[in-house]
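Since the structure comes first, as structure tokens, the remarks are kept for the end.
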Amino acid sequence: MIRKLHEMGVTSEMAYTAGFGSIGLTVLIWLASKKGEDAGIDRADRWGLFVGEWAPTFFALGIALKLEEQRFLR
């Protein structure tokens, strides 16, 4: 899967950017849900955690892609 992503042009920098973006998106979604819905802070927490769980996946993909990039350069 990592090799295929690399062949498609996905770089480690893209994955790292997506990871940091998802962290920022987590905060924005939490704030928007907290202020925009009457469901309370529990609902905002669930939305924030849902998006927040994406960050480790993107960072792991970034590391795997970095290793693939280094292997490809040898």
Side-chain angles (χ1 to χ4, degrees):
M1 179 179 107
I2 300 302
R3 184 169 294 146
K4 187 67 171 171
L5 286 173
H6 178 70
E7 291 170 359
M8 292 171 50
V10 178
T11 65
S12 59
E13 289 82 16
M14 290 176 181
Y16 294 141
T17 301
F20 283 114
S22 70
I23 292 170
L25 188 60
T26 296
V27 174
L28 291 175
I29 286 177
W30 183 80
L31 288 172
S33 180
K34 183 179 169 193
K35 292 181 181 189
E37 294 182 325
D38 293 331
I41 198 162
D42 291 339
R43 177 109 173 221
D45 286 347
R46 283 192 294 273
W47 274 111
L49 288 173
F50 172 70
V51 176
E53 290 176 353
W54 300 349
T57 303
F58 286 130
F59 289 131
L61 281 173
I63 292 169
L65 284 164
K66 188 66 160 179
L67 293 171
E68 182 67 20
E69 292 163 2
Q70 290 173 350
R71 187 190 70 76
F72 187 71
L73 291 175
R74 289 186 219 171

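For the single chain, residues carry numbers from 1 onward in sequence order.
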| query | Atom CD1 in I63, atom OH in Y16: separation rounded to 0.5 Å? | reply | 5.0 Å
| said: Restricting to ring pair (Phe, Tyr, Trp, His ring centres under 6.0 Å), what partner residues turn up for F58, sequence neighbours left out? | reply: none
| field | Euclidean distance, E13 CD relative to E69 CD, rounded to 0.5 Å | value | 5.5 Å
| request: Decide yes or no for W54 and L25: does some side-chain heavy atom of the first lie under 4.5 Å from some side-chain heavy atom of the second? | output: yes
| remark: Tightest non-hydrogen contact, residues G62 and S12, listed as O-CB, 3.2 Å
| request: Any chance you could pull the hydrophobic cluster mates of I2, using side-chain heavy atoms under 4.5 angstrom and chaining through other members? | output: M1, L5, V10, M14, L61, L65
| Which heavy-atom pair separates G19 from A55 by the least distance, and what is that distance? | O-CB, 3.8 Å
| For L28, what residues pass the side-chain contact (heavy atoms from CB on, under 4.5 Å) criterion, not counting sequence neighbours? | none
